[in-house]
Peer 1: 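Pasting in a structure now, in structure tokens, and then I'll have a few things to ask.
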There are 2 protein chains.
Amino acid sequence: MNSLQHDELGSAAQRERRRRILDATIALASKGGFDAVQMRAVAEQADVALGTLYRYFPSKIHLLVSALGRQFEEADAASGGRPVPGETPHERVMYVLSRATRTLQRDPNLTEALTRAFMFADASVATEIHVVGMHVTRLLMRAMADPSKPFEDHEPTEDDIAIAKVIGDVWLASLVQWVTGRASAADVGKSMDVAVRLLLR
Amino acid sequence: MNSLQHDELGSAAQRERRRRILDATIALASKGGFDAVQMRAVAEQADVALGTLYRYFPSKIHLLVSALGRQFEEADAASGGRPVPGETPHERVMYVLSRATRTLQRDPNLTEALTRAFMFADASVATEIHVVGMHVTRLLMRAMADPSKPFEDHEPTEDDIAIAKVIGDVWLASLVQWVTGRASAADVGKSMDVAVRLLLR
DNA sequence: CCTAGAACAGAAACACGTTCCAGTTTCTCC
DNA sequence: GGAGAAACTGGAACGTGTTTCTGTTCTAGG
């Protein structure tokens, strides 16, 4: 037993390697997008052999979706459970989505890499995908719930969950269209506005 | 000037080659999905050299999205402008979507290949993407409009268009989750039902 | 300290999308 | 029918994701 924070699988050296690999992935993605995340380049920049990279992440898609998951965790930690401003669910959800979308648009290459990987992932990436899906759902649920009510009253209905799922779908589809150059940043905002306005009324 | 039906670019021999290529693409996709559509295999099955295949379709993604476009055209021709049954827009849209989804689920491999290509397409495939987008939008618009009214009264509002776009996005996102094994066929139906019910009321 | 096994490094090899080229066939225009 | 242009063929070759192999280093248990 060592004295580190997490007790997830792996020694300190292994967690360190994993961190370096994900750092290299983010850096390369940020610089050149999906195509620039080349496994040999990631391995070299993370100072790890190619075989080791594949031992940690069994494919490029696993690697990128894992990186996306870590990004969400960092964002989650940074936001630190602050209540979402806004009077209505509509306002709060739009606030959250606008903020997230603005953040993503600040690093288009990174967003392109992560989004495309997410869309291309198949069933073998289910675990990593699930992590990301949970973050998105939680984000939207928090925004939909009334922050002035106590926590116990936030039991979401079936419909709430379904609505959050649909909003997440629209968000993702819009994002894909943006990163693939098929829609402008404004188009993303407009799509989200229409969807949220009609779904949350 | 030749005596053939279409006057689109290309001689009869060229249109014939194009048809053979798309036929081979559909056949291979139907048998083994996205991964089975290998450019060398397509070329061989279409009885065409690899270089020729690339002359007709500059990438695997162009090829698959073009195939998707042709599928829509065939479906369009087969439906032949029959009015959509159903009393309300909700009913009619659900009818159309259920029908389409059932058709897609009958050939999962083909659907997987075409859907993934569509999601992976970047700006260079804009033309082919646009064709597909138009078919989907038209399909949904027809279903939303009241068939008992004359054609001229079907001027769609901004909101109608936006709603159709959102429904299309949700449909696509659900399909992706289905073809990548992250959602069941029933989940797709449920998502569509929620989205359509809430958006068309 | 020693040893068995796991993890890693370095590098070759394979698969498939894509590009390129030399030679041949087909098309177009005179 | 002939000349030049365009399209096609067959095949080699390249890049990148992925696999595999051999030898080395690290780690845990005695």
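As the structure is a computational prediction, the values presented were derived from the model and not from experiment. Throughout, protein chains are lettered first and strands after them, A, B, ... in sequence-line order, and every chain is numbered starting at 1.
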Peer 1: Classify the nucleic acid contact of A:V42 as base, sugar-phosphate or nothing, counting any heavy atom under 4.0 Å across all strands shown.
Peer 2: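 If one applies the 4.0 Å heavy-atom cut-off, A:V42 turns out to touch nothing in the nucleic acid.
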Peer 1: D:dC26 C1' sits how many Å from A:E16 CD, rounded?
Peer 2: 16 Å
Peer 1: If each of A:L50 and B:M39 is mapped to the nucleotide of DNA chain C with the nearest heavy atom, which maps nearer the 5' terminus, i.e. the 5' end?
Peer 2: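 Checking each residue's closest nucleotide, the 5'-ward one belongs to A:L50.
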Peer 1: Do B:F34 and B:F120 have ring centroids that are under 6.0 Å from one another?
Peer 2: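 For B:F120 and B:F34, the ring centres are not under 6.0 Å apart.
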Peer 1: Whole Å only: how far is the CZ atom of B:F120 from the P atom of D:dG17?
Peer 2: 11 Å
Peer 1: Respond yes when some side-chain nitrogen or oxygen of B:T52 is under 4.0 Å from OP1 or OP2 of D:dT9, and no when none is.
Peer 2: yes
Peer 1: Does atom CD of B:E74 have more than 12 heavy-atom neighbours from other groups under 6.0 Å away?
Peer 2: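 Buried by this count: over 12 neighbours within 6.0 Å.
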Peer 1: A:T101 and A:W171: side-chain donor and acceptor closer than 3.5 Å?
Peer 2: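 Looking only at side-chain atoms, A:W171 and A:T101 do form a donor-acceptor pair, the distance falling under 3.5 Å.
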Peer 1: Tell me the interatomic distance from A:K60, atom NZ, to D:dT19, atom P, rounded to whole angstroms.
Peer 2: 15 Å
Peer 1: From CG of A:D47 over to P of C:dG10, roughly how many Å is that when rounded to an integer?
Peer 2: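 To the nearest whole Å, that distance equals 8 Å.
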Peer 1: Of all the choices, C:dG17, D:dC8, D:dG17, which nucleotide is nearest to the side chain of B:Q38 once you look at every atom?
Peer 2: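 From the listed options, C:dG17 comes nearest.
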Peer 1: Give the rounded distance in Å between these two atoms: CZ of A:R15 and C1' of C:dA7.
Peer 2: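 For the pair A:R15 CZ and C:dA7 C1', the rounded distance is 16 Å.
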Peer 1: Regarding B:R17, tell me which of base, sugar-phosphate or nothing describes its non-hydrogen contacts under 4.0 Å with the strands shown.
Peer 2: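 Answer is sugar-phosphate: B:R17 comes under 4.0 Å of backbone atoms only.
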Peer 1: List the steps, then state whether side chain to side chain contact (heavy atoms under 4.5 Å, CB included) holds for A:K165 with B:V194.
Peer 2: CA-CA 10 Å; A:K165 193 167 168 321; B:V194 171; over 6 Å; no
Peer 1: When you check the phosphate oxygens OP1 and OP2 of D:dC8, does a side-chain N or O of B:R55 lie under 4.0 Å from one of them?
Peer 2: yes
Peer 1: When the distance from CD of B:Q14 to C1' of C:dT25 is rounded to whole Å, what number comes out?
Peer 2: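 Taking atom C1' of C:dT25 as the reference, CD of B:Q14 is at 14 Å.
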Peer 1: Just to confirm, is there a sub-4.0 Å distance from OP1 or OP2 of D:dT20 to any side-chain nitrogen or oxygen of A:Y54?
Peer 2: no
Peer 1: Give B:Y56 one of three labels, base, sugar-phosphate or nothing, depending on what nucleic acid heavy atoms sit under 4.0 Å from its own.
Peer 2: sugar-phosphate
Peer 1: Which whole-number value in Å describes the distance from A:R40 CZ to C:dC14 C1'?
Peer 2: 11 Å
Peer 1: Taking atom P of C:dC16 as reference, at what distance in whole Å does atom CD of B:E44 sit?
Peer 2: 13 Å
Peer 1: DNA chain C: B:P58 or B:A13, which has the more 5' nearest nucleotide?
Peer 2: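 Here B:P58 is the residue nearer the 5' end.
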Peer 1: Are more than 12 heavy atoms from other residues, nucleotides or ligands located less than 6.0 Å from atom CD of B:E16?
Peer 2: yes
